[in-house]
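Right, one structure below, let's go through it.
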There are 2 protein chains.
Amino acid sequence: MGYRENPRPGGRSARVQVAVHQSVRDMLAAMDRADITIPLIAQRAKVTPSTIYRRWGGLQELLADVAASRLQPEGEPARIGSAREDLEAWAEQYADEMASGVGRQLLRDVLSAADCTNAEKCCTYTRTQLAVLIARAEKRGEPFPTEEELMDHVISPIIYRILFDRAPGPDHVRKLIAKVMPESVVKT
Amino acid sequence: MGYRENPRPGGRSARVQVAVHQSVRDMLAAMDRADITIPLIAQRAKVTPSTIYRRWGGLQELLADVAASRLQPEGEPARIGSAREDLEAWAEQYADEMASGVGRQLLRDVLSAADCTNAEKCCTYTRTQLAVLIARAEKRGEPFPTEEELMDHVISPIIYRILFDRAPGPDHVRKLIAKVMPESVVKT
DNA sequence: GCACAAAAGCAAATAATTTGCGTTAGTGAA
DNA sequence: TTCACTAACGCAAATTATTTGCTTTTGTGC
């Protein structure tokens, strides 16, 4: 007897998942993180604690699961103007969201789970967003960095700073982007 | 009644700290991470669980504390040849250590604590190591990246990949370094 | 050596986690 | 529609972790 990875939509299992996720979100917004426990989540979700333990394993895993789903982007990057402008706007918003109290916490939750599936999910979300920007640039014939360059030199510094140091400001994000834009021959 | 940040060396408090840290290290090496509990650590360290709870607060904080102390570098970066060669050797070793099973776990432990002190400590350790390399280069008059450039474009990508993606290989580390070395005029 | 306080020990009380077993509710075939 | 099947849930007892009040120990400064 094991648990399905993706419960069939509409089923009881899916309803439980939604209720539990929602409870966690509400509680994260309403109370101190350290006070959140599985019995409390269960109570609010009208579910037994054992259901949560069986399904997620523990608090960290549950929080990681919720965090990953909240880190999933809602739509495509906005269209502002040139590909570069689109990238700048998107990256600044990305940095802002991740650096906020909530964002920072979501990142930690995702990373502190034993299972790295959720962390990889986040990475994939980001790559997907970047791929959209890259495709746009290509379509318009504008020079643009590769996905790898963007991950290594824009995303990575933003996230590293948020996790280990101080959050980067908007000017720093633009500086990072300037460094990887191919049209400029940079003498570093 | 509060606990001192830094127990006086030689005191009882310091001995307890050493014993507990040592137990945690032993256990991390010997058994599965998920099976480590505070009562077990306490037993091995010949200490009461309540001592650990009072002093560290919980398992995550304790693990973060131990992780941070293990992430502290043992000595200066090795002297290989040119400043760039020193940097390459140091960065490759850094990437290796962080990407290993143990290193990866230490990073997660440090990040998953509620308190960000330990994460910032790690960042400081790294900066200090880089500062040594920078000072060496300056002394010899060799062109060299700034600390900020190294943090953003060498350290950050390495850590991001380890945490969210796949560990970077030695060739990729060298590529990152090539990108920030100022002697080369790079057309990206 | 003595008084003081920080930190440890002990044990009872509380809270979280695990587990065995019975029940319920979707699913698919007849 | 009904019926059999099974994944997932609920319940409750057993276990294990955490918190807490109080006592005792041990280093420190007088």
Side-chain angles (χ1 to χ4, degrees), chain A residues 1-24 26-28 30-66 69 109 112-115, chain B residues 1-24 26-28 30-66 69 109 112-115:
Chain A
M1 172 171 120
Y3 279 72
R4 283 178 185 286
E5 179 109 347
N6 294 322
R8 308 173 188 180
R12 178 170 54 154
S13 179
R15 282 200 303 277
V16 167
Q17 178 172 348
V18 169
V20 170
H21 270 232
Q22 191 56 50
S23 299
V24 172
D26 292 349
M27 295 179 71
L28 280 171
M31 60 195 288
D32 196 68
R33 231 202 95 78
D35 299 332
I36 296 178
T37 65
I38 289 196
L40 278 178
I41 295 166
Q43 184 178 23
R44 178 183 279 245
K46 301 208 203 313
V47 149
T48 337
S50 65
T51 295
I52 297 182
Y53 285 114
R54 283 213 238 262
R55 208 161 146 167
W56 280 277
L59 187 57
Q60 289 194 340
E61 287 85 353
L62 172 55
L63 288 174
D65 188 39
V66 174
S69 82
D109 286 342
S112 58
D115 184 5
Chain B
M1 173 171 116
Y3 279 72
R4 284 177 186 288
E5 178 111 347
N6 293 324
R8 307 175 193 178
R12 178 169 55 155
S13 180
R15 282 201 303 277
V16 168
Q17 179 173 346
V18 169
V20 170
H21 270 234
Q22 191 56 50
S23 299
V24 172
D26 292 348
M27 295 178 71
L28 280 171
M31 60 196 287
D32 196 68
R33 229 203 96 78
D35 298 332
I36 296 179
T37 65
I38 289 198
L40 277 179
I41 295 166
Q43 184 179 24
R44 177 183 280 245
K46 300 211 203 318
V47 149
T48 354
S50 65
T51 294
I52 296 182
Y53 285 115
R54 283 209 163 87
R55 214 165 140 164
W56 280 277
L59 186 57
Q60 288 194 341
E61 287 85 351
L62 172 56
L63 289 174
D65 188 39
V66 173
S69 81
D109 286 343
S112 59
D115 183 5

When you measure from the side chain of B:Arg12, which nucleotide among C:dA25, D:dA17, C:dA6 comes out closest?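 When the side chain of B:Arg12 is considered, C:dA6 is the closest of C:dA25, D:dA17, C:dA6.
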To the nearest 0.5 Å, tell me how far [X] [atom1] sits from [Y] [atom2].
X       : Y        : atom1 : atom2 : value
A:Leu59 : A:Ile36  : CG    : CD1   : 7.5 Å
A:Ile52 : A:Ser23  : CD1   : OG    : 7.5 Å
B:Leu62 : B:Asp109 : CG    : CG    : 9.5 Å
B:Thr37 : B:Gln43  : OG1   : CD    : 9.0 Å
A:Thr51 : A:Ile41  : OG1   : CD1   : 13.0 Å

Could you go through B:Arg55 and B:Asp65, starting from their C-alpha distance and side-chain angles, then the distance that decides it, and tell me whether this counts as salt bridge (charged side-chain N to carboxylate O under 4.0 Å, His left out)? CA-CA 11 Å; B:Arg55 214 165 140 164; B:Asp65 188 39; over 6 Å; no
Extract from the structure each pairing of a protein N or O with an N or O of nucleotides 11-15 of chain D at less than 3.5 Å, listing the distance.
| from | atom 1 | to | atom 2 | distance (Å) |
| --- | --- | --- | --- | --- |
| D:dC11 | N4 | A:Ser50 | OG | 3.1 |

Does the side chain of A:Trp56 come within less than 4.5 Å of A:Ile38's, by heavy atoms?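 No. Closest side-chain heavy atoms not under 4.5 Å.
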Side-chain contact test, heavy atoms from C-beta onward, threshold under 4.5 Å: evaluate it for A:Leu40 versus A:Arg44 and give yes or no.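 When only atoms from C-beta onward are counted, A:Arg44 and A:Leu40 do not touch, as no gap falls below 4.5 Å.
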Measure [atom1]/[X] against [atom2]/[N] and give the value in whole Å, please.
X       : N      : atom1 : atom2 : result
B:Ile36 : D:dT16 : CD1   : P     : 18 Å
B:Leu59 : D:dT19 : CG    : P     : 12 Å
A:Ile52 : D:dG10 : CD1   : C1'   : 13 Å
A:Asp35 : C:dA15 : CG    : P     : 13 Å
B:Arg55 : D:dT19 : CZ    : P     : 17 Å
A:Trp56 : C:dT18 : CH2   : C1'   : 17 Å
A:Ile41 : C:dA15 : CD1   : P     : 17 Å

All N/O pairs under 3.5 Å across the protein-nucleotides 1-3 of chain D interface:
none

Is B:Arg15 near enough to C:dA7 that one of its side-chain N or O atoms lies under 4.0 angstrom from OP1 or OP2?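 So the side-chain polar atoms of B:Arg15 never come under 4.0 Å of the phosphate oxygens OP1 or OP2 of C:dA7.
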Taking only residues two or more places apart in sequence, or in another chain, which ones meet A:Arg15 in a salt bridge (Lys or Arg N to Asp or Glu O under 4.0 Å)?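 Listed in chain order: nothing, the list is empty.
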